[in-house]
Amino acid sequence: MILSIETATEVCSIALHSNKKLVAYEEIHLQKSHSGYLTVMIEHLMNSCGVAVTDVEGIAVSEGPGSYTGLRIGVSTAKGLCYAWEKPLIAISTLEAMAISAIKNVPSFIQHDHIFCPMLDARRMEVYLALYDKSLSQTLAPQPVIIDNNSLESYSDKHKIICFGNGAKKCKDVLLHENFLFIDGYIPSAKGVGILAQQAYNDKRFVDLAYFEPFYLKTYQAARATKNKILGSI
């Protein structure tokens, strides 16, 4: 039994998976609500399913990229539960979890050589993105990209690229090459985190509770957010 947490965007979600099957899922779409609702959601979900702490074998968390504050809340909560419940912590890439959700639920027009491109909004015309093939092999590592007409052209000249996520919408009017396809849905979800966490648990790919930090991608923004928070408290 794996408890998964996803807080990388404005959507806060949790899931329980057992033997690679989804047991229960809950999500909430409220901005700036993660800190107030996350632990309540976890308690509610476990109680409604009759799942005890002793039933949970590991806790998985979406590691980023994504919202600085959201990631901090998710990781801090996951760490706290791992310490209190004496469970291992599993970190899952937010973009990879988005990709696996899309791959497992692709429309019928998706072909084997199509590439999946999860996109997270990083403000203005910048997005966090990565590229994966249908077997979830990474074609392009997660990175921040300022989108223009020439973005990803070395890939779009050879493959159809399936774009999705909350960063994809603003790219529709810029990525005009015929090989760019856009599909709705597939926001970051604890369902995708849980799918990948099962294999990570089996492989004992755990992270260190004391030293693990979210994967922000743009470290200067994380540092600036921390600085602003400190200055605001003076």
Identify the heavy atoms of [X] and [Y] that sit nearest to each other, and give their distance.
X: Phe212; Y: Val207; answer: CG-CG2, 3.8 Å
X: Lys191; Y: Ala15; answer: N-CB, 4.2 Å
X: Ser13; Y: Met41; answer: CA-CE, 4.3 Å
X: Gly58; Y: Lys87; answer: CA-CB, 4.4 Å
X: Gly167; Y: Val127; answer: O-CG1, 3.6 Å
X: Pro214; Y: Val75; answer: CG-CG2, 3.6 Å

Taking atom [atom1] of [X] and atom [atom2] of [Y], what is their separation to the nearest 0.5 Å?
X: Asp55; Y: Leu3; atom1: CG; atom2: CG; result: 12.0 Å
X: Ser35; Y: Ile73; atom1: OG; atom2: CD1; result: 4.5 Å
X: Ile115; Y: Cys163; atom1: CD1; atom2: SG; result: 10.5 Å
X: Glu63; Y: Ile92; atom1: CD; atom2: CD1; result: 7.5 Å
X: Ser4; Y: Leu16; atom1: OG; atom2: CG; result: 8.0 Å
X: Lys134; Y: Ile162; atom1: NZ; atom2: CD1; result: 10.0 Å

Do the side chains of [Y] and [X] get nearer than 4.5 Å, heavy atoms only?
X: Asp133; Y: Phe116; value: no
X: Phe206; Y: Leu89; value: no
X: Val11; Y: Ile28; value: no
X: Leu131; Y: Gln138; value: no
X: Val193; Y: Val61; value: no
X: Ile90; Y: Ile59; value: no
X: Val23; Y: Lys21; value: no
X: Asp203; Y: Gln199; value: yes

Worksheet item: Under the ring pair (Phe, Tyr, Trp, His ring centres under 6.0 Å) rule, what pairs show up with a residue in residues 24-58, not counting sequence neighbours?
Response: none
Worksheet item: Applying ring pair (Phe, Tyr, Trp, His ring centres under 6.0 Å), which residue pairs with at least one partner in residues 133-179 are found, sequence neighbours left out?
Response: Phe164-Tyr186
Discussion item. Please check this pair: side chain of Ser18 against backbone of Met1, looking for a donor-acceptor N/O pair closer than 3.5 Å.
Written reply: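 Pair absent, no side-chain N/O of Ser18 close to backbone of Met1.
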Worksheet item: Just by modelled atom types, is the Asn179 backbone N or O under 3.5 Å from a matching donor or acceptor in the Ser156 side chain?
Response: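 Such a contact is absent between Ser156 side chain and Asn179 backbone.
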Worksheet entry | With sequence neighbours excluded, residues passing salt bridge (charged side-chain N to carboxylate O under 4.0 Å, His left out) with Lys170 | Asp121
Discussion item. Just to verify, what does Glu57 make a salt bridge (charged side-chain N to carboxylate O under 4.0 Å, His left out) with, not counting sequence neighbours?
Written reply: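 Applying salt bridge (charged side-chain N to carboxylate O under 4.0 Å, His left out) to Glu57 gives none.
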Worksheet entry | Working for side chain to side chain contact (heavy atoms under 4.5 Å, CB included), residues Leu152 and Leu140 | CA-CA 10 Å; Leu152 304 176; Leu140 181 68; 3.9 Å; yes
Under 3.5 Å, is there a donor-acceptor pair linking the side chains of [X] and [Y]?
X: Asn202; Y: Gln198; answer: no
X: Ser62; Y: Glu6; answer: yes
X: Ser135; Y: Ser137; answer: yes

Practice prompt. In sequence, state the C-alpha distance, the side-chain angles, and the governing distance for Ile195 and His17, and then conclude on side chain to side chain contact (heavy atoms under 4.5 Å, CB included).
Written response: CA-CA 8 Å; Ile195 293 172; His17 283 82; 4.2 Å; yes
Practice prompt. Check the pair Ile5 / Ile42 against side chain to side chain contact (heavy atoms under 4.5 Å, CB included), numbers first and verdict last.
Written response: CA-CA 9 Å; Ile5 297 171; Ile42 293 171; 4.0 Å; yes
In terms of heavy-atom contacts, does [atom1] of [X] have more than 12 from other residues, nucleotides or ligands at under 6.0 Å?
X: Leu176; atom1: CG; answer: yes
X: Asn19; atom1: CG; answer: no
X: Asp184; atom1: CG; answer: no

Fill in: side chain to side chain contact (heavy atoms under 4.5 Å, CB included) partners of Thr54, counting only residues at least two apart
Ala52
Worksheet item: With Leu175, which residues qualify under side chain to side chain contact (heavy atoms under 4.5 Å, CB included), at least two apart?
Response: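 Leu175: side chain to side chain contact (heavy atoms under 4.5 Å, CB included) contacts with Met119, Ile147, Ser151, Cys171, Phe180, Phe182.
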Discussion item. Would a single hydrophobic cluster contain both Ile103 and Leu22, if residues Ile, Leu, Val, Met, Phe, Trp and Tyr are joined by side-chain heavy-atom contacts under 4.5 Å?
Written reply: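 Hydrophobic grouping puts Leu22 apart from Ile103.
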Discussion item. With a 4.5 Å cut-off on side-chain heavy-atom distances among I, L, V, M, F, W and Y, is there a chain of contacts connecting Ile100 to Phe215?
Written reply: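 Both belong to a single hydrophobic cluster.
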Worksheet entry | Audit row: Val56, Ile2, side chain to side chain contact (heavy atoms under 4.5 Å, CB included) steps and yes/no | CA-CA 6 Å; Val56 177; Ile2 304 293; over 6 Å; no
